[in-house]
Structure formats: C-alpha cells, structure tokens
2 protein chains.
Amino acid sequence: MKFESQPSYSLGQRTPASREVAAGENGGNVTLVSQSALGAINRGRVLQALYDNGPKSRADLARLAGVNRTTITGIVQPMIEDQLLVEGDASPSDVKGGKPARPLYFNPDAPMLGAVLLLPGTIQTCLVALTGEIKAVAKAEFDTHGETEAFIAVMTETLTATLSQAQQAPFGIGVASAGMIDSDNGTILTVNLAPVLTGLPLVAILQERFSLPVVIDHHPRALLVGDRWFGPGRGQQNFAAVYTGEVLGGAFFIDGKVYRGLAGSGGELGHSVVQIDGALCNCGKHGCWETVAALPWLRKEAARLSFPHPKSVTCARLVKEADEGSKAAEELLDRYTRNVAFGIVNLQQTLSLNSYVLHGDVAGGGMKAAELIRQHIEQLVVKRPGQEISITVNGIGEGHTALRGAAGLVLSSHLKLVI
Amino acid sequence: MKFESQPSYSLGQRTPASREVAAGENGGNVTLVSQSALGAINRGRVLQALYDNGPKSRADLARLAGVNRTTITGIVQPMIEDQLLVEGDASPSDVKGGKPARPLYFNPDAPMLGAVLLLPGTIQTCLVALTGEIKAVAKAEFDTHGETEAFIAVMTETLTATLSQAQQAPFGIGVASAGMIDSDNGTILTVNLAPVLTGLPLVAILQERFSLPVVIDHHPRALLVGDRWFGPGRGQQNFAAVYTGEVLGGAFFIDGKVYRGLAGSGGELGHSVVQIDGALCNCGKHGCWETVAALPWLRKEAARLSFPHPKSVTCARLVKEADEGSKAAEELLDRYTRNVAFGIVNLQQTLSLNSYVLHGDVAGGGMKAAELIRQHIEQLVVKRPGQEISITVNGIGEGHTALRGAAGLVLSSHLKLVI
DNA sequence: AGCAGTTAGTTTGTACCTCGCACAAACTTA
DNA sequence: TAAGTTTGTGCGAGGTACAAACTAACTGCT
C-alpha cells in the first residue's frame with residue numbers, strides 16, 4: 001500500500017509570516033510518559049496533595065488521590081526514611097472505631113528553599129521554610145550600569161551569607177526578577193533601569209557556584225507561585241495573580257499548572273487594549289489598560305482633582321481618606337477600582353478562571369478595594385449561572401510575597417508538577 | 001509530634017463571595033497516574049503523533065517521541081492487528097543504507113466518525129473519515145419552539161440515516177452546538193432562538209440510542225478542534241480559533257490541550273471590553289469587542305457611509321469591492337479588520353499563543369483580510385524578540401469545518417489526550 | 001561477488017509501578 | 001470480653017517501558 005504524502009484538508013491559506021509547522025517540525029514535542037517518570041510524577045503529586053491539604057494520613061491521601069492505600073505507603077515510606085516527611089501522633093479518629101490514623105506532614109527540619117528577589121539596584125535573599133516562614137534575610141545593592149562581574153560578586157556574596165545559615169543544603173534556589181525573563185533557558189533578557197543584567201545567564205551562573213537546582217521567573221509569575229504555595233491560591237487549580245503599580249502584570253495558574261506561554265511570555269496584561277485610540281502608553285500604543293489602571297493614571301487624576309501631594313497618592317491612601325469621609329477620595333477610588341476591574345473582566349471573559357489574587361498598589365487598599373473591584377467586575381462581566389468570582393488581596397509583607405514566590409518556583413519545579 | 005491545623009501564610013483576606021476552598025475541598029482533584037492509564041495515554045499520543053505528522057515508520061515515531069523502538073512496536077502491533085493502522089510499502093530510505101522503513105498510517109477502511117452540527121432550527125449530520133473526508137451528509141429541520149420529543153425524533157432519524165451508511169460502527173458521535181453548552185455533563189444549557197433545546201441532556205440520549213461514545217461542545221470549540229485535527233492547526237500545540245459574524249467567539253488550544261475553563265466556559269471573547277463606556281452591546285454592557293468587530297457594526301457603518309444594500313455587506317464583499325477599486329470599501333475594510341485585530345491583540349498580550357485561525361465572516365475575506373488583520377496586530381502588539389504572529393483563515397466549506405470539528409471532538413476524547 | 005557498515009524491526013529478559021488480597025495492630029461499641 | 005471497624009503493611013500478579021542482542025534488508029566499497 002502506498003500513502004499519499006499528507007492528506008490535507010487545510011483549506012485555508014496562511015499569511016506569509018506564518019510559521020511553517022505543517023512540515024511536522026512541531027510534532028516533535030510529542031512526548032510519551034516513561035515508567036520512571038510516572039513514579040516521579042506521582043511522588044510529586046502526593047507531596048502536593050499533602051502540602052495543599054495539610055497533615056493527612058496515608059489512608060486519607062489514598063482516598064484523596066483515588067489510589068490504593070498500599071500505593072501511598074510505597075510512595076511515602078522512602079520519604080519518611082529520607083526525613084522529608086514525619087509521622088505525627090495518632091490523632092483520635094473522627095469516625096467511630098478503627099485504628100487511629102497517623103498523619104503525615106513535612107519535617108520541620110526538612111531542607112529549606114533559597115529565594116532571591118532581583119529588582120533594579122537591589123538584591124534580596126532569604127531562606128523559606130516549607131511552612132512559608134522566612135529566615136536569614138539579606139539585602140544588597142548593586143550598580144545598575146556597572147560591570148557584570150561586580151554584580152555577580154555582590155549576588156554571590158549576598159546569597160552565600162543567606163545560604164550559610166541553613167542547617168542543611170536547601171532544595172534549590174528560586175529567583176524572582178523584574179524585567180523580561182526567558183525562564184526556559186534561565187536567562188534574563190532585559191531589565192529596564194538595570195542594563196547590567198541584560199542577557200545574563202543567571203541560572204547557569206548560580207547553578208555552577210552553588211551546585212544546587214536554580215530556577216528563575218519574572219516577578220508576576222513568582223507572585224502567582226507564591227500565592228499557590230503559601231498564599232490564597234493554595235490548593236486551587238485555576239486562578240490568576242494580578243499586579244498593579246507603576247506597571248500592570250499578571251500570571252495564570254491554569255488547570256493545576258503555571259501558564260508560561262511560548263518562551264515564557266504571556267500575562268502582559270498591561271498592554272491589552274481597553275480603550276481603542278485612547279491615551280498614549282509608554283509602550284507607544286494607545287489605550288492600554290496600563291494607561292487607566294496604573295499609578296501614573298491615578299496620580300495624574302489626583303493632580304487634576306487638586307488632591308494634596310498627588311505624587312504620593314496610593315490606593316491605600318485613598319481607602320484611608322475615603323474611610324475618613326472624603327467624598328473626593330471615595331469617587332476617585334471608585335473610578336480607579338473600576339478601571340482596574342476592566343482588565344480583570346477581560347481576563348474573566350477570556351479564561352473564566354473565576355479567582356483572582358491582587359498584588360501591588362491595589363492590594364494596599366485591602367479588603368475594601370478588593371470588594372469594590374469585585375462589585376465592578378460583577379457589573380461588567382456577562383454572568384454565567386453558578387459562577388462566583390473571587391477577589392483576594394495578598395499585599396501584606398510586600399517583598400516577602402515575592403520572596404516566597406521565588407521559593408515556590410523551586411517547589412514547583414522540584415515536584416515535577418508538569419507532566 | 002503534633003501538627004498545627006494548617007500553617008497559614010495566607011496573609012490576605014477574602015471578599016465575602018469567595019469560594020471556600022481553603023478547607024481543602026478542592027485538593028480532591030489530585031489524581032495520580034495509574035499504570036494502566038499510562039498505557040492508554042501513550043497509545044493516544046502515538047496515534048496523535050502519527051496523525052499530526054502523517055505516515056511514519058516505527059523508528060521515526062520512536063525518535064519523535066523520544067522512546068525506545070521496542071516500545072513503539074509494542075504499542076502499534078495490536079493496532080495493526082485491530083486493523084486500525086496499516087503498514088505501507090517499504091519506502092526507499094532517505095538516508096543511505098539500512099533496512100528501508102515501513103511507514104504506518106491509518107487504515108483507509110478504519111471506522112469513521114459521526115458528526116452532528118446543531119444550529120437553531122437545523123440539524124446537519126455526516127460521517128467524517130480520519131482523513132477529513134466528509135460523507136453521507138444529511139440535513140433536517142426542527143421546530144425551535146416545539147416539543148422535546150419531536151426534536152429527539154428528528155435528531156434520531158437524521159443521525160440514523162447517516163450512520164447506517166457506514167461500513168462499520170463509527171468510533172463515536174461528536175456534536176457541535178450553538179449556544180451555551182456544559183460539555184462536562186453533556187447537556188445543552190441554553191440556545192438562543194431554540195428554547196426546545198434548553199436543558200437537554202443530549203449526550204445521554206444519543207449514547208443510549210446509538211450505544212456509542214458521544215461528546216458535545218459548543219460551536220467555537222468545535223471549530224478549534226476541527227482546525228487542530230483537520231485544518232491549519234494540525235500538529236500545533238498552541239493556537240486559538242476566532243469566530244466572527246453576528247457574534248464573536250473564540251476557543252484556545254493551550255499546551256497541546258483544548259482549554260475548556262471551569263464548567264466549559266471561557267473564550268467568551270465577544271464581551272471583553274475594548275472601549276470603556278463605549279457603545280451599548282446586546283449583553284447590556286458597554287464597549288464590548290462585539291460592538292465594533294461583529295457584522296452589526298459593519299453593516300451600521302456601511303449604512304452610515306451610504307453603501308448600497310448595507311444589510312448584506314460582508315467581509316468578502318468588501319474585499320471584492322476594494323479589489324475592484326472602491327476606496328470606500330477599502331477604508332471600511334481597513335477599519336473593520338483593525339477592530340477585529342484589537343480582540344486578537346488582547347488575546348495575544350494575555351496568552352501569547354502566536355497563532356490564530358479565523359472563522360466566520362472575516363474568514364470570507366480570505367488571505368487579504370487575514371493579512372490586513374495581521375498587519376494591524378503587528379502594529380498594536382508589544383513585540384517580543386523572535387515572536388512571529390500567524391493569522392490563518394479557514395472559511396472555505398463553511399458548515400463543513402464545524403462538522404469536521406464535531407468529528408474532531410470524538411478523536412480528542414477517544415485518544416485520551418487529557419491526562 | 002563478497003564483505004563491512006547502517007538502519008529497521010523483533011525477541012528476550014529486567015526493572016519498576018500499581019493493585020488486590022490477606023493480615024496484624026489499634027481502637028470503639030455492645 | 002467479643003465483634004466490628006479502620007489503618008497500615010507484606011506479597012504476588014499484571015502491566016509497562018527499557019536495554020541488549022538478534023535478524024532482516026539495503027548501500028557502498030573492494
């Protein structure tokens with residue numbers, strides 16, 4: 001029998017710029033699941049279930065995962081021997097009768113996670129325990145326009161100071177960085193305001209110096225992962241993290257996985273268009289969400305409305321002044337939160353994640369700002385039956401959230417959540 | 001050792017409407033991969049690789065999937081015995097020397113796929129071969145406001161007429177339907193203009209009558225799946241299908257999987273906001289993308305600009321008139337495609353899928369419309385290095401694309417692509 | 001013609017994983 | 001004290017992927 005080359009019902013035509021995938025190049029990313037990978041995957045999933053749900057007995061885990069009890073035993077036993085997990089005291093069973101369950105959880109003395117937050121001009125490092133506790137924080141500054149070698153020296157020194165305080169080698173090092181990051185290759189593409197970092201293969205460098213697994217991702221995605229492991233996103237399978245401030249950004253957790261997009265892009269929400277031919281944006285386009293929902297807009301409006309010290313207006317300040325009875329603050333807050341809502345509305349219409357965690361300036365406004373945003377979204381979104389939209393803030397602790405996120409990056413890659 | 005209930009670094013607070021997942025309910029969807037499931041998964045992936053890449057030898061498949069040749073043999077041998085696959089003639093090896101490869105591909109006499117396209121008032125059914133060929137098309141009409149029983153009778157009759165022409169039992173039946181669909185539960189939620197379908201558990205009904213696997217999904221998602229299996233999306237891991245017409249819709253293929261969102265929602269792009277406080281939309285909100293990029297807008301503009309027969313203006317007609325030298329048509333076409341571009345720009349900023357397949361009215365404009373849209377997008381999107389955006393049209397054959405999509409739904413579920 | 005070299009596909013044995021069954025341990029209830 | 005219930009653990013069965021070794025088939029050089 002002879003086959004024709006490739007039966008083609010691709011009736012459409014492609015524009016010239018289209019990628020040539022028809023030749024079957026892209027088919028290369030078909031991957032089968034190997035036997036050994038399966039073990040690693042299931043081990044990771046058990047750990048994640050344990051992490052998401054808190055201390056649980058083997059039997060509970062088996063029920064949760066829908067597998068045999070013996071399977072769980074086989075998975076957790078080596079981990080107990082490795083001192084990663086510990087068996088708790090028999091808890092009085094909630095059901096009547098039966099042998100009491102022995103809950104399992106992470107060993108408080110288990111290795112910690114190294115975390116680095118890299119912003120233009122400053123490095124922050126710390127250790128994060130699996131409980132989310134932050135220890136051994138160190139800070140340093142670097143010359144944003146200096147020599148690469150100098151930066152690496154500062155980074156190494158700071159990180160060494162932090163890591164040396166760990167009882168035992170940490171699981172790995174997670175780096176959250178501002179700017180454009182190629183997380184697949186572990187390099188920093190560009191960071192505005194810090195040209196010294198351009199093109200830096202930071203993962204390779206740190207991996208070599210510390211002989212530990214190193215992962216890097218950009219700031220919003222670190223916030224997302226931090227939420228997933230240590231914050232309001234814990235245990236959730238679908239949610240988004242939204243950052244507002246001088247710029248706007250976002251990151252998505254979709255179907256139990258961090259969405260990274262092609263080459264680590266995606267989530268550049270700030271430059272989605274909410275006002276065709278609207279105000280000019282820093283990016284050179286018009287009507288980006290960033291032109292109406294970031295701090296510059298808020299401060300310009302505050303100036304126009306003759307607020308005192310408009311340059312220092314924040315969401316937190318507006319909430320405070322509104323609570324103190326300022327009508328003007330209340331109105332501006334309402335407009336601000338409405339503008340923020342539009343971006344989330346578009347996200348909701350597109351992906352229907354239903355759950356959003358706010359960071360940055362708007363998170364400073366706390367529950368009140370979140371509730372205002374939620375109400376605006378409710379009014380702006382086309383509602384589906386049974387759909388509830390949840391808005392959460394995670395703004396307390398500021399940099400700590402990002403540091404936990406960096407640590408979470410290590411967890412995510414360590415547990416091989418991706419299949 | 002005693003564990004605290006659940007260490008909580010969820011510093012944030014939740015708005016009242018938030019779902020209570022913190023209790024660990026949601027953790028229930030942790031699933032381990034069982035050994036037997038692994039076999040099914042890998043079998044599905046091999047078939048998909050074969051499908052996406054055309055006839056391939058065992059050795060090629062092994063290389064493509066990065067597994068041992070023996071593994072491939074073990075997987076395909078039973079399929080050859082089942083007559084699903086056939087071995088082709090030894091093709092002269094492209095490299096010098098060595099035993100010539102025996103390409104494998106789907107048996108032309110393999111079972112076909114049943115497909116149903118359900119629109120208000122009309123049912124269309126057909127058989128789709130694995131090559132994409134369409135056979136045994138049948139059509140029928142039904143009373144949109146009539147009795148449920150009457151509709152079921154028409155549906156059964158039409159489908160029976162089609163299925164009876166198959167040589168052997170098809171793999172399953174796929175249904176593409178207008179309206180809101182709960183694909184998880186296989187029921188039609190609501191269809192505008194066809195109240196008779198409201199709440200109909202169509203999957204259960206058809207499954208019982210025909211004793212075959214039945215899947216249902218809504219129209220845009222069927223187009224997406226049709227593109228993935230039989231159209232320009234073949235072999236791609238990330239792309240979106242965008243439908244324009246009286247309404248706008250979209251569906252996404254993300255990381256090799258159809259994105260379904262929670263309860264099958266997601267992709268309701270038509271009501272994302274591109275013009276804050278813009279024109280009133282049918283949905284009751286303002287400034288939806290639908291208000292500037294759907295046919296009603298186009299026709300209103302055509303009327304305003306005194307086009308002849310403005311009610312029958314389509315993208316195809318504009319392209320034709322522009323080609324014939326009409327400046328007015330060219331200008332309106334430019335504005336129309338620019339408006340369409342905005343929605344895709346927002347999608348691109350959000351998910352960075354980089355590849356879009358157009359359906360519906362705008363697809364009628366062919367390459368020219370696609371190229372215009374691509375150019376507008378290029379101008380409106382914040383470009384990342386190395387990023388190329390591809391716009392493809394798949395408008396020829398109209399209903400046939402949707403029917404192939406319905407068939408593709410069966411393939412997708414049959415091959416257990418979801419893990 | 002003959003032999004080395006190369007590639008495709010198969011056979012055989014091994015390692016790994018999950019599952020079901022049986023059983024001991026530990027606790028409640030009557 | 002006896003029966004019932006639940007937890008956690010050995011052990012063998014079944015299924016899957018992999019590595020090594022083998023046969024088959026073709027090319028090219030001598």
Side-chain angles (χ1 to χ4, degrees), chain A residues 30-47 49-50 55-81 85-105 416 419, chain B residues 30-47 49-50 55-81 85-105 416 419:
Chain A
V30 181
T31 49
L32 301 196
V33 185
S34 80
Q35 199 78 3
S36 45
L38 188 145
I41 291 162
N42 282 355
R43 274 188 291 276
R45 293 202 179 173
V46 167
L47 284 179
L50 198 54
K56 282 271 174 286
S57 70
R58 296 168 179 79
D60 277 342
L61 286 172
R63 275 189 292 266
L64 218 56
V67 296
N68 200 290
R69 284 206 309 280
T70 55
T71 304
I72 299 292
T73 299
I75 289 175
V76 298
Q77 216 55 33
M79 294 175 175
I80 293 175
E81 279 158 27
L85 301 180
V86 285
E87 212 170 23
D89 293 332
S91 64
S93 72
D94 42 347
V95 288
K96 55 191 174 186
K99 177 176 172 176
R102 308 288 306 274
L104 298 171
Y105 205 56
K416 293 221 177 77
I419 186 159
Chain B
V30 180
T31 48
L32 301 196
V33 184
S34 82
Q35 199 76 6
S36 44
L38 189 148
I41 291 162
N42 283 355
R43 271 188 292 277
R45 294 202 178 174
V46 166
L47 284 179
L50 198 54
K56 282 269 174 285
S57 69
R58 297 168 179 81
D60 277 341
L61 286 172
R63 275 188 292 266
L64 217 57
V67 296
N68 200 290
R69 286 207 307 279
T70 57
T71 305
I72 299 293
T73 298
I75 289 175
V76 298
Q77 216 55 34
M79 293 175 174
I80 292 175
E81 279 159 28
L85 302 181
V86 284
E87 214 170 22
D89 293 331
S91 64
S93 72
D94 43 348
V95 289
K96 55 190 173 188
K99 176 176 172 178
R102 309 289 305 273
L104 299 171
Y105 205 56
K416 293 222 177 78
I419 187 161

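Everything numeric in this text was worked out from a predicted model, so none of it was measured.
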Say you draw a straight line from CG of B/Leu50 to CG of B/Leu104; how long is it, rounded to the nearest 0.5 Å? 6.5 Å
Distance check needed: D/dA17 P versus A/Asn42 CG, whole Å only. 14 Å
Once you round it to whole Å, what is the distance between C1' of C/dA8 and CD of B/Glu87? 10 Å
Which of these nucleotides, D/dC18, C/dT18, C/dG9, is closest to any side-chain atom of B/Val67? D/dC18
For A/Lys56 and A/Arg63: C-alpha separation, side-chain torsions, deciding distance, then whether side chain to side chain contact (heavy atoms under 4.5 Å, CB included) applies. CA-CA 11 Å; A/Lys56 282 271 174 286; A/Arg63 275 189 292 266; over 6 Å; no
Quick one: which of D/dG8, C/dG9, D/dT16 gets closest to the side chain of B/Ala101? C/dG9
A/Val67 side chain reached by A/Leu61 side chain, heavy atoms, under 4.5 Å: no
Presence of B/Arg58 side-chain N/O under 4.0 Å of C/dT7 phosphate oxygens OP1/OP2: no
A/Thr73 side chain, from C-beta outward: closest of C/dT18, D/dG8, C/dC19: D/dG8
How close or far is atom C1' of D/dT7 from atom CD1 of A/Ile72, stated in whole angstroms? 13 Å
Take atom CG of A/Leu38 and atom P of C/dC19, then tell me their distance rounded to the nearest Å. 10 Å
Kindly indicate whether the side chain of B/Met79, heavy atoms from C-beta on, has any atom under 4.5 Å from the side chain of B/Leu47. yes
Is the phosphate of C/dT10 approached by B/Arg102 (side-chain N or O, under 4.0 Å from OP1 or OP2)? no
Would you compute the distance between atom OG1 of A/Thr73 and atom CZ of A/Arg58 and round it to the nearest 0.5 angstrom? 5.5 Å
B/Gln77 CD - D/dT16 C1' separation (whole Å): 16 Å
Please name the residue in the list A/Leu85, A/Ile75, A/Leu64 that meets the side-chain contact (heavy atoms from CB on, under 4.5 Å) test with A/Val46. A/Ile75
Please tabulate the protein-to-nucleotide N/O contacts below 3.5 Å involving nucleotides 20-26 of chain C, giving atom names and distances.
{"unit_1": "C/dG20", "atom_1": "OP2", "unit_2": "A/Asn68", "atom_2": "ND2", "d": "3.4"}
{"unit_1": "C/dG20", "atom_1": "N7", "unit_2": "A/Asn68", "atom_2": "ND2", "d": "3.3"}
{"unit_1": "C/dA26", "atom_1": "N3", "unit_2": "A/Lys99", "atom_2": "N", "d": "3.4"}

Has A/Arg43 got a side-chain N or O lying under 4.0 Å from the OP1 or OP2 atom of C/dC17? yes
Whole-Å distance, A/Ile41 CD1 to D/dA17 P, equals 13 Å
Salt bridge (charged side-chain N to carboxylate O under 4.0 Å, His left out) filter on B/Arg102, not counting sequence neighbours, yields none
Find the distance between CD (B/Gln77) and CD1 (B/Ile72) and round it off to the nearest 0.5 Å. 12.0 Å
Nearest 0.5 Å, what's the CZ-CG distance between A/Arg69 and A/Asp60? 11.0 Å
Could you list the protein-to-nucleotides 1-4 of chain C atom pairs, N/O on both sides, closer than 3.5 Å?
none

Within less than 4.0 Å of OP1 or OP2 of D/dT7, is there a side-chain N or O belonging to A/Ser57? no
Atom pair distance, as rounded to whole Å: CZ in A/Arg45 and P in C/dT18: 12 Å
